[in-house]
Amino acid sequence: MPEALRPYACDPAQSRGRRYAQPDAPTRTAFQRDRDRIVHSTAFRRLVYKTQVFINHEGDLFRTRLTHSLEVAQLGRSMARTLGLSEDLVETIALAHDLGHTPFGHAGQDALNECMAPFGGFEHNLQSLREVDWLEERYPQFDGLNLSFESREGILKHCSRRNAEAIEALEPAYADGGGGVGRRFLDPGQPNLEAQLCNLADEIAYNAHDIDDGVRSGLLTLEQLHDVPLFAEFSQAALAQHPDLGQPAQARRWLYESIRLMLSAQVYDLMAATQAALDAAQPASVAAVREHPQALVCFSADMRAQSRAMKAFLFKHLYRHSQVMQTMDQAKQVIADLFAAYCDAPTQMQNEAAVRLAAQAPKHHLHESDDQRRVADYIAGMTDRFALREHERLTGQRLFAA
């Protein structure tokens with residue numbers, strides 16, 4: 001095991017393996033190979049035109065799912081290095097965690113879930129696993145990217161019991177006799193520490209960049225943010241260190257410095273709280289981490305409360321802002337209209353999707369709704385602008401400037 005890795009970190013040389021056995025790469029570890037497969041995937045490229053909060057045409061500088069994933073990866077690697085965890089695995093999970101997200105962010109997911117309610121539902125996190133296990137078509141020997149167990153374990157952040165049972169039925173028999181990636185949702189358990197770290201790096205990243213995008217959009221103001229303890233503390237600290245930031249012309253720099261200090265405080269708090277939890281639990285292996293009754297990567301109680309207060313503020317004042325809601329209601333209509341149109345006439349789906357649906361046996365699904373699931377797969381894989389073009393083509397309506 002490399003010296004930098006602690007006993008409870010995932011060692012690529014000790015990976016539980018892949019769904020389809022492959023020889024090791026001569027110059028890359030298992031997790032580096034996973035990362036490279038994700039970066040070269042079609043689903044990863046699509047993230048550049050998928051909404052984080054603001055739809056692409058609303059501005060060139062707002063975060064997308066791609067830039068969000070890169071920020072999560074950067075934060076995750078930095079913390080993994082200090083904690084002695086696998087940086088490559090953290091980066092892999094971070095880059096892959098949103099591969100299954102629909103166009104138009106959570107509004108798109110909600111709309112597609114409503115459409116699929118009679119057919120097993122839709123959840124973007126489960127769709128991310130579906131992308132890497134089935135939907136990518138790059139290799140002659142297998143569907144998907146054939147990632148390592150540890151990467152797939154980290155991608156599947158949450159899962160219903162029904163879906164976990166279906167996933168387990170499709171898992172290979174691992175050499176160590178353990179269950180597959182759905183097992184921890186059936187028998188209480190935790191994912192690897194690298195996956196736990198990505199979950200909180202995701203939260204730190206979107207709290208920070210959604211503040212930035214919210215102010216840039218004009219929907220949030222510095223005055224509003226000063227009512228949120230987590231931001232106010234570091235805004236005042238930034239001003240105390242750099243009094244000139246109080247000048248109107250320095251407002252953007254004041255915002256950036258406040259966010260930087262806030263983000264750093266969350267990172268240092270997480271690393272300290274996590275190290276304390278690890279010292280107390282003394283897990284001697286990855287198996288011990290998985291068997292622990294609760295997650296070991298954590299914030300302190302105070303930071304956890306402050307982070308939740310920030311999330312509640314953003315939910316109320318940004319994600320549920322009337323301007324955002326109006327846009328998202330239109331986006332939901334786009335998804336609903338596309339779903340109805342493709343279900344009525346599957347051949348309206350463009351290119352290879354229509355060919356597969358009409359001429360080939362369907363890929364393995366967790367549920368029995370083959371045709372509807374194919375439509376959901378197709379819509380989930382769209383970028384914002386492709387969905388808008390398709391909607392205009394099929395309905396004659398132009399709801400946004402694509």
Side-chain angles (χ1 to χ4, degrees), residues 10 30-53 63-80 85-106 108-109 112-113 122-136 144-160 163-164 167 181-182 184-185 190-210 266-267 270 295 297 307 311 377 380-381 383:
C10 287
F31 303 151
Q32 289 170 341
R33 197 179 195 184
D34 286 353
R35 177 201 58 210
D36 295 349
R37 289 182 175 188
I38 289 162
V39 168
H40 289 282
S41 70
T42 303
F44 185 72
R45 291 196 299 277
R46 290 187 185 121
L47 296 180
V48 72
Y49 287 117
K50 289 196 176 189
T51 293
Q52 180 66 24
V53 175
R63 266 69 171 195
T64 66
R65 287 286 160 187
L66 179 63
T67 55
H68 164 69
S69 298
L70 293 173
E71 291 183 30
V72 176
Q74 179 270 316
L75 284 170
R77 284 201 74 123
S78 295
M79 292 187 284
L85 304 181
S86 170
E87 293 181 48
D88 291 327
L89 179 56
V90 168
E91 183 179 26
T92 297
I93 296 169
L95 294 178
H97 81 284
D98 270 351
L99 290 182
H101 227 301
T102 60
F104 313 124
H106 288 284
Q109 173 186 268
L112 195 51
N113 185 45
F122 178 88
E123 204 284 314
H124 85 269
N125 181 249
L126 184 61
Q127 189 73 9
S128 294
L129 185 68
R130 186 163 168 73
E131 283 284 351
V132 301
D133 277 359
W134 300 106
L135 299 180
E136 282 287 327
L145 300 179
N146 199 30
L147 302 184
S148 69
F149 173 89
E150 292 76 13
S151 294
R152 297 173 62 240
E153 177 185 27
I155 290 170
L156 191 62
K157 182 177 178 180
H158 39 254
C159 188
S160 70
N163 286 336
I167 290 169
V181 295
R184 76 178 189 274
F185 303 102
Q190 306 298 327
N192 57 63
L193 288 173
E194 287 82 358
Q196 295 180 33
L197 181 60
C198 278
N199 290 343
L200 293 187
D202 184 29
E203 184 174 324
I204 293 171
Y206 68 64
N207 274 350
H209 63 50
D210 288 355
Q266 290 177 287
V267 166
L270 183 151
V297 178
S307 180
K311 188 183 296 186
D377 287 341
T383 62

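Hydrogens, waters and symmetry mates play no part in the numbers below; they use all other heavy atoms, side chains included. Being a predicted model, the structure only gives us computed values, none of them experimental.
Here the closest heavy-atom approach between residue S69 and residue L95 is recorded as O-CD2, 4.1 Å. The shortest heavy-atom contact between T102 and Q109 is OG1-N, 2.9 Å. Shortest non-hydrogen contact noted between L135 and Q127 is CD1-NE2, 3.6 Å. The two residues A380 and P103 come nearest to each other via the heavy atoms O-CD, 3.9 Å. In terms of heavy-atom proximity, N113 sits nearest to F122 at OD1-N, 2.9 Å. Taking both residues in full, the closest heavy atoms of Y49 and T383 are given as O-CB, 3.5 Å, listed atom of the first, atom of the second, then distance.
Counting only distance, with no hydrogens or angles, the side chain of D88 and the backbone of Q32 share no donor-acceptor pair below 3.5 Å.
Atom CG of residue L89 and atom CZ of residue F31 lie 4.5 Å apart, to the nearest 0.5 angstrom. Remark: H40 NE2 to L145 CG distance equals 11.5 Å, nearest 0.5 Å. Note that CZ of R33 and OG1 of T92 are 13.0 Å apart. Values are rounded to the nearest 0.5 Å. A distance of 5.0 Å separates CG in N163 from CG in L126, rounded to the nearest 0.5 Å. Expressed to the nearest 0.5 Å, how far CG of L70 lies from CG of L47 amounts to 9.0 Å. Here the straight-line distance linking atom CD1 of I167 with atom CZ of F185 works out to 7.5 Å at 0.5 Å rounding.
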**Message:** If you apply the rule salt bridge (charged side-chain N to carboxylate O under 4.0 Å, His left out), what do you find for R63 with E71, and how did you get there?
**Reply:** CA-CA 10 Å; R63 266 69 171 195; E71 291 183 30; 2.9 Å; yes

**Message:** As a quick check of understanding, evaluate side chain to side chain contact (heavy atoms under 4.5 Å, CB included) for F44 and L66, giving each step before the final call.
**Reply:** CA-CA 7 Å; F44 185 72; L66 179 63; 3.3 Å; yes

**Message:** K157 vs D202, test: side chain to side chain contact (heavy atoms under 4.5 Å, CB included). Steps then yes/no.
**Reply:** CA-CA 12 Å; K157 182 177 178 180; D202 184 29; 4.1 Å; yes

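Taking 4.5 Å as the limit, every side-chain heavy atom of N199 sits out of range of all side-chain heavy atoms of V297. By the 4.5 Å heavy-atom criterion applied to side chains, V132 and D34 are not counted as neighbours. Considering only heavy atoms from C-beta on, T64 stays 4.5 Å or farther from K50 through its side chain.
Not counting sequence neighbours, R184 has no partner by the side chain to side chain donor-acceptor pair (under 3.5 Å) test. Taking the salt bridge (Lys or Arg N to Asp or Glu O under 4.0 Å) definition, one finds that E91 meets it with R35, R77, sequence neighbours left out. Residues meeting the ring pair (Phe, Tyr, Trp, His ring centres under 6.0 Å) test with H106, sequence neighbours left out: H101, H124. Take Q190 and apply the side-chain contact (heavy atoms from CB on, under 4.5 Å) test, not counting sequence neighbours, and it matches Q196, A295. Residues satisfying the ring pair (Phe, Tyr, Trp, His ring centres under 6.0 Å) criterion with H68, sequence neighbours excluded, are H97, H209. Applying the side chain to side chain donor-acceptor pair (under 3.5 Å) test to E153 and every residue at least two apart in sequence or in another chain returns N192, R290. Scanning for side chain to side chain donor-acceptor pair (under 3.5 Å) contacts around D36 gives R28, with sequence neighbours left out. Every side chain to side chain donor-acceptor pair (under 3.5 Å) that D133 has, sequence neighbours left out, goes to R152. For E203, the salt bridge (Lys or Arg N to Asp or Glu O under 4.0 Å) partners are R304, K311, not counting sequence neighbours. For Y206, the ring pair (Phe, Tyr, Trp, His ring centres under 6.0 Å) criterion is met by no residue, not counting sequence neighbours. Residues passing the side-chain contact (heavy atoms from CB on, under 4.5 Å) test with S128, sequence neighbours excluded: L99, I155.
Within the structure, every pair that satisfies the salt bridge (charged side-chain N to carboxylate O under 4.0 Å, His left out) test and touches residues 94-103, not counting sequence neighbours, is listed here: R65-D98.
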